> 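A single structure is presented below for examination.
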2 protein chains.
Amino acid sequence: MKTFDDEGQRAILEPLTTIEMEHILKALASSRRLLILEWLKDPKSHFPPQVHGDQEKHGVCTQFIAEKLAVSQPATSRHLKLLSQAGLVTASPVKGWTYYRRNESNLSRFTRQLSTEL
Amino acid sequence: MKTFDDEGQRAILEPLTTIEMEHILKALASSRRLLILEWLKDPKSHFPPQVHGDQEKHGVCTQFIAEKLAVSQPATSRHLKLLSQAGLVTASPVKGWTYYRRNESNLSRFTRQLSTEL
DNA sequence: ACCCTAAATAACAAGTTAGTTATATAGTTA
DNA sequence: TAACTATATAACTAACTTGTTATTTAGGGT
């Protein structure tokens, strides 16, 4: 549930629950998943050019991430699912591919809240 | 290794390594350990008065934390060891007791770095 | 319809985490 | 020294995580 402030610009979000914070921390407590988030900051410099979807706009397909992680496609798929369930990345399924990109607003919402609550 | 700025006031610390960041995230990815950190913000309101060491100054003894967590003393000891190894709490062994208190500078160093790097 | 590709899911093995009880260690006190 | 207390460690078990390979699902192209 979210509301908007007077200017309707910045979303004013409910604070993340303790359980959500814990899920996010678990999602981040993995060198592989931290790497994925790091790479997704700048897809162009970390992944080969994508002939189908726009990397900047929709994100990077699972295959590319699996190759760079050097683990199997199913293992990669699970890492991405965990990140996605934690709200740290957004999945965009398009024509057989699934593209993943960072969810910047949730990432910063998390770090802001952690800074004040921890 | 740390150096100090011109006024010698605030410590200027080396940034935490990726591996240290990951250890901290793993230490935080536990509801039990998050609770401990929360309780240690205000020992007086969460623990019985301590006749031996000063709670504010040295921290809270293992027993009290074990009782409040409602898990065994050894399990509690391990949780505290993980937090301590991650640098998030400081252990002060005094006369048979070990007191644990939050390491505020490391906690804020971590949240600051996470905010910029994540 | 058939084949091909990408991704997700299922089933399983290996390693890690988190709990337990029992024991060892260290300091204090009678 | 012996007894008592607080904590840490050892040994074990159960549950969770993370990897694998095999299979299923879903789309697109011929």
Side-chain angles (χ1 to χ4, degrees), chain A residues 19 22-37 40 47-55 58-86 89-101, chain B residues 19 22-37 40 43 47-55 58-86 88-101:
Chain A
I19 288 174
E22 195 194 331
H23 284 160
I24 293 174
L25 285 165
K26 282 188 199 302
L28 292 175
S30 151
S31 56
R32 296 259 156 88
R33 292 190 291 271
L34 288 173
L35 267 179
I36 292 172
L37 287 172
L40 290 182
F47 298 99
Q50 217 163 236
V51 296
H52 30 91
D54 180 351
Q55 276 180 344
H58 298 106
V60 178
C61 68
T62 306
Q63 275 195 311
F64 284 0
I65 297 170
E67 282 165 20
K68 200 163 167 84
L69 271 187
V71 301
S72 65
Q73 174 267 316
T76 304
S77 184
R78 192 146 31 100
H79 283 303
L80 291 166
K81 188 179 187 181
L82 282 170
L83 287 170
S84 179
Q85 287 173 335
V89 303
T90 302
S92 302
V94 176
K95 298 205 293 181
W97 290 280
T98 306
Y99 303 111
Y100 291 91
R101 64 181 186 281
Chain B
I19 289 174
E22 195 196 332
H23 284 160
I24 293 174
L25 285 165
K26 283 188 199 302
L28 292 175
S30 149
S31 57
R32 296 260 155 87
R33 293 191 288 271
L34 288 173
L35 266 179
I36 293 172
L37 287 172
L40 290 182
F47 299 99
Q50 217 162 235
V51 296
H52 30 90
D54 180 351
Q55 277 181 346
H58 298 105
V60 178
C61 67
T62 307
Q63 274 193 313
F64 283 1
I65 298 170
E67 283 164 18
K68 200 163 167 82
L69 270 188
V71 301
S72 67
Q73 174 267 317
T76 304
S77 184
R78 192 146 33 95
H79 283 304
L80 290 167
K81 189 179 185 178
L82 283 170
L83 287 171
S84 179
Q85 286 173 335
L88 302 179
V89 303
T90 303
S92 303
V94 176
K95 298 205 294 182
W97 290 280
T98 306
Y99 303 112
Y100 291 92
R101 64 182 186 282

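Being a predicted model, the structure only gives us computed values, none of them experimental. Below, chains carry the letters A, B, ... as their sequence lines are ordered, and counting in each starts from 1.
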> Expressed in angstrom and rounded to an integer, what is the separation of Gln85(A) atom CD from dT9(C) atom C1'?
13 Å
> Can you spot which of His52(A), Gln55(A), His58(A), Gln50(A) makes a side-chain hydrogen bond (donor to acceptor under 3.5 Å, both in side chains) with Tyr99(A)?
His52(A)
> Can you see which heavy atom on Ala66(B) is nearest to which on Ser72(B), and at what distance?
CB-O, 4.3 Å
> Restricting to non-hydrogen atoms, name the atom on Ala91(A) and the atom on Tyr100(A) that form the minimum distance, rounded to 0.1 Å.
CB-CE2, 3.5 Å
> Judged by each residue's nearest nucleotide on DNA chain D, which is more toward the 5′ side, Gly96(A) or Ser30(A)?
Ser30(A)
> Rounded to the nearest 0.5 Å, how far does CG of Leu28(A) lie from CG of Leu28(B)?
10.0 Å
> Would you say a side-chain N or O of Thr76(A) is under 4.0 Å from OP1 or OP2 of dA7(C)?
no
> Would you indicate whether the side-chain heavy atoms of Leu80(B) and Thr98(B) approach each other to under 4.5 Å?
no
> Expressed in angstrom and rounded to an integer, what is the separation of Tyr99(B) atom OH from dG27(C) atom C1'?
12 Å
> Check the pair Ser77(A) / Lys81(A) against side-chain contact (heavy atoms from CB on, under 4.5 Å), numbers first and verdict last.
CA-CA 6 Å; Ser77(A) 184; Lys81(A) 188 179 187 181; 5.7 Å; no
> How long is the line joining NZ of Lys81(A) and P of dG19(D), in whole Å?
16 Å
> Could you tell me the separation between the CD atom of Gln50(B) and the P atom of dT7(D), rounded to a whole number of Å?
9 Å
> Would you please confirm or rule out a distance under 4.0 Å between OP1 or OP2 of dG19(D) and any side-chain N or O of His79(A)?
yes
> Calculate the interatomic distance between Leu25(B) atom CG and dT17(D) atom P; express it in whole Å.
16 Å
> Within the structure, does a side-chain N or O atom of Arg33(B) lie under 4.0 Å from either OP1 or OP2 of dA18(C)?
yes
> For Leu40(B) and Phe47(B): C-alpha separation, side-chain torsions, deciding distance, then whether side-chain contact (heavy atoms from CB on, under 4.5 Å) applies.
CA-CA 9 Å; Leu40(B) 290 182; Phe47(B) 299 99; 4.3 Å; yes
> How would you label the contact of Pro74(B) with the nucleic acid (heavy atoms, under 4.0 Å): base, sugar-phosphate, or nothing?
base
> Considering only side-chain heavy atoms of Arg32(A), which listed nucleotide, dT9(D), dA8(C), dG19(D), is closest?
dG19(D)
> What is the distance, to the nearest angstrom, from the CG atom on Leu34(B) to the P atom on dA18(C)?
12 Å
> From the set dA6(D), dA18(C), dA7(C), return the single nucleotide nearest to any side-chain atom of Trp97(B).
dA6(D)
> For a quick test of reading the model: is some side-chain N or O of Tyr100(B) closer than 4.0 Å to OP1 or OP2 of dA8(D)?
yes
> Can you list, by residue number, the residues of residues 60-73 of chain B that have a non-hydrogen atom closer than 4.0 angstrom to DNA chain D?
Cys61(B), Thr62(B), Gln63(B), Gln73(B)
> Separation of Lys26(B) atom NZ from dT17(C) atom P, in whole Å?
7 Å
> Which whole-number value in Å describes the distance from Arg78(B) CZ to dT17(C) C1'?
7 Å
